[in-house]
Amino acid sequence: MSCCNQTKITEFLLLGFSGSYTHKLLLFFLCIVIYIMSLTVNSMIIGLCIGSWNLRSPMYFFLCHLSVNDIMLSTSVGPNLLSTLLKAETTMSISACVTQFFASGFFTGFECFLLTVMAYDRYLAICNPLHYISIMTSKYSLNLVMGSWIQMFLIVVVIITLTCSAGFCGNNTLDYIYCDYAPLLNISCADVFIADLVKRILNIPGIMLPLVIVITSYISIIISILRISTSTGRQKAFSTCSSHITVVCTYYGILIVKYSFPSKIESSVMNKTLSLLYTMVTPLLNPIIYSVRNKEIQKAFNKLFSARM
């Protein structure tokens, strides 16, 4: 059991990044540029997907939701992180901290589900092209996205209930850049063993199973691409999923490295940097990666830009 007979916490002190004021100020300007660019680029992707008739396929429907999720993920952490960089420490109420914990956990997990759905979409398009249109209908695409929203909502609600419902006690200082699972669990008055056990079990459908589906889908995709007789056909087939592979490797790579660290060094500079990467940097990189090699998005952007000239 945790520290039930210690002083109850009524607010948190979020320390964020340590260092001199000059270093924090430089990091502040870097983060605010990244945050504004992320909002701008993702909003452009959403606008293009909604406004262009060429981008009405299921792949762009999922990409639009990915951009929405990236905006929400960076917004759940970004403004509060910017505040901590301008101050020595930031005070947060328990409700605000739990809300941030819910939002960051929800949008982080939903991105895993959405990347899995997008891998399945590419699998159908490449491995089963004749039946792709009949299977991946607008209704089915919406059901996949809504199912992902609902499943991740339930997972996060269970984790937050077990971690936060009993309150917090002990030291109210969080040496972290936002309210995350590990620092909150350390000061939770709940049964830490049960909460952590349930969280590890929920990681199976929440993180591990989606990763297995992504890997399995791409093994099938690679096998199908290698069976294509012409090099032009292979190149064309691979180009439709290369951006998604890059996004998956970047996002899952950072998450795996981050959560491979023992809980004793959760507040280390490396862990804070990794958290900054997947909550602030990847939401900016995702739309850029999808736009650089996607001719349809470039075509829609050029058409929109030409119309405004």
Side-chain angles (χ1 to χ4, degrees), residues 42 44-70 109-155 204-249 251-252 286-287 289-301 303-304:
N42 280 293
M44 288 175 60
I45 293 293
I46 296 170
L48 288 174
C49 291
I50 294 175
S52 177
W53 287 101
N54 296 329
L55 305 180
R56 293 299 174 89
S57 66
M59 180 176 73
Y60 298 109
F61 174 75
F62 298 137
L63 180 58
C64 183
H65 279 271
L66 180 64
S67 290
V68 171
N69 187 76
D70 283 337
F110 177 72
E111 186 140 336
C112 293
F113 281 175
L114 192 55
L115 291 175
T116 305
V117 170
M118 296 173 79
Y120 175 62
D121 173 73
R122 292 300 83 205
Y123 163 78
L124 288 178
I126 295 175
C127 300
N128 199 2
L130 297 179
H131 298 91
Y132 174 75
I133 296 178
S134 61
I135 295 175
M136 193 59 72
T137 61
S138 298
K139 182 179 179 180
Y140 187 52
S141 300
L142 180 61
N143 288 340
L144 288 173
V145 172
M146 292 303 296
S148 299
W149 284 108
I150 294 171
Q151 186 174 347
M152 183 47 60
F153 176 82
L154 294 175
I155 289 175
I204 296 175
I207 298 177
M208 298 308 299
L209 184 58
L211 181 58
V212 170
I213 294 174
V214 170
I215 293 173
T216 304
S217 297
Y218 273 104
I219 289 175
S220 301
I221 288 172
I222 292 172
I223 293 174
S224 296
I225 290 176
L226 293 176
R227 288 175 179 171
I228 299 175
S229 57
T230 63
S231 59
T232 304
R234 288 194 295 269
Q235 185 176 2
K236 184 178 179 180
F238 182 74
S239 65
T240 63
C241 58
S242 58
S243 298
H244 183 258
I245 293 176
T246 305
V247 169
V248 168
C249 291
Y251 190 73
Y252 268 104
N286 289 349
I289 291 171
Y290 271 101
S291 302
V292 167
R293 300 188 64 180
N294 192 298
K295 293 181 180 180
E296 292 297 326
I297 291 180
Q298 293 176 6
K299 190 176 182 181
F301 178 77
K303 185 177 180 180
L304 178 65

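Side chains are part of it too, since the values below use all heavy atoms of this structure and drop only hydrogens, waters and symmetry mates.
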Non-hydrogen side-chain atoms of Pro287 and Met44 separated by less than 4.5 Å: no
Test side-chain contact (heavy atoms from CB on, under 4.5 Å) on His65 and Leu144; report intermediate values, then the result. CA-CA 11 Å; His65 279 271; Leu144 288 173; over 6 Å; no
Value for CG (Leu114) from CG (Leu63), rounded to nearest 0.5 Å, stands at 9.0 Å
Atom CD of Gln235 with >12 non-hydrogen neighbours under 6.0 angstrom: no
So, taking the atom named CG in Asn54 and the one named NZ in Lys295, what distance separates them when rounded to the nearest 0.5 Å? 14.5 Å
Would you say Tyr60 and Ile297 make side-chain contact, with heavy atoms under 4.5 Å? yes
Tyr218 and its side-chain contact (heavy atoms from CB on, under 4.5 Å) partner, picked from Ile126, Ile223, Ile245: Ile245
Between Tyr252 and Leu211, the two heavy atoms sitting closest are OH-N, 3.7 Å
Compare every heavy atom of Ser217 with every heavy atom of Ala119, then report the nearest pair and how far apart it is. O-CB, 4.0 Å
So do His131 and Leu124 actually touch side chain to side chain, heavy atoms under 4.5 Å? no
Arg56, CZ: over 12 other non-hydrogen atoms inside 6.0 angstrom: yes
Using 0.5 Å steps for rounding, measure from the CZ atom of Arg122 to the OG atom of Ser243. 10.5 Å
Does a side-chain heavy-atom distance below 4.5 Å link Met136 with Phe62? yes
Taking CZ in Phe61 as the centre, count heavy atoms belonging to other residues, nucleotides or ligands within less than 6.0 Å. Is the count above 12? yes
Donor + acceptor pair across side chains of Asn69, Glu111 (<3.5 Å): yes
To the nearest 0.5 Å, what is the distance between SG on Cys64 and CG on Asn42? 10.0 Å
Residues Tyr290 and Leu66: closest non-hydrogen pair is CE1-CD2, 3.8 Å
Taking all atoms of both residues into account, what is the closest heavy-atom pair of Val214 and Leu115, and its distance? CG2-O, 4.2 Å
Donor-acceptor pair, side chain of Gln298 and main chain of Ser291, under 3.5 angstrom: yes
Of all heavy-atom pairs linking Val117 and Ser148, the shortest is CG2-OG, 3.8 Å
If you measure from CG on Asn294 to CD1 on Ile289, what distance do you get to the nearest 0.5 Å? 12.5 Å
Residue pair Tyr123, Asn128: steps toward the side-chain hydrogen bond (donor to acceptor under 3.5 Å, both in side chains) verdict: CA-CA 7 Å; Tyr123 163 78; Asn128 199 2; over 6 Å; no
Note: Ser220 and Cys127 closest approach over all heavy atoms is O-SG, 3.5 Å
Taking atom CG of Leu142 as the centre, does the number of heavy atoms from other residues, nucleotides or ligands within less than 6.0 Å exceed 12? yes
Which label fits Tyr120 and Tyr140: parallel for a plane angle under 30°, tilted from 30 to 60°, or perpendicular past 60°? perpendicular
What I'd like to find out is whether the side chain of Ile155 reaches to under 4.5 Å of the side chain of Phe113, using heavy atoms alone. yes
Checking side-chain contact (heavy atoms from CB on, under 4.5 Å) against Phe238, which of Ile221, Ile225, Leu226 comes through? Ile225
So how far is it from Ile133 CD1 to Ser57 OG, rounded to the nearest 0.5 Å? 10.0 Å
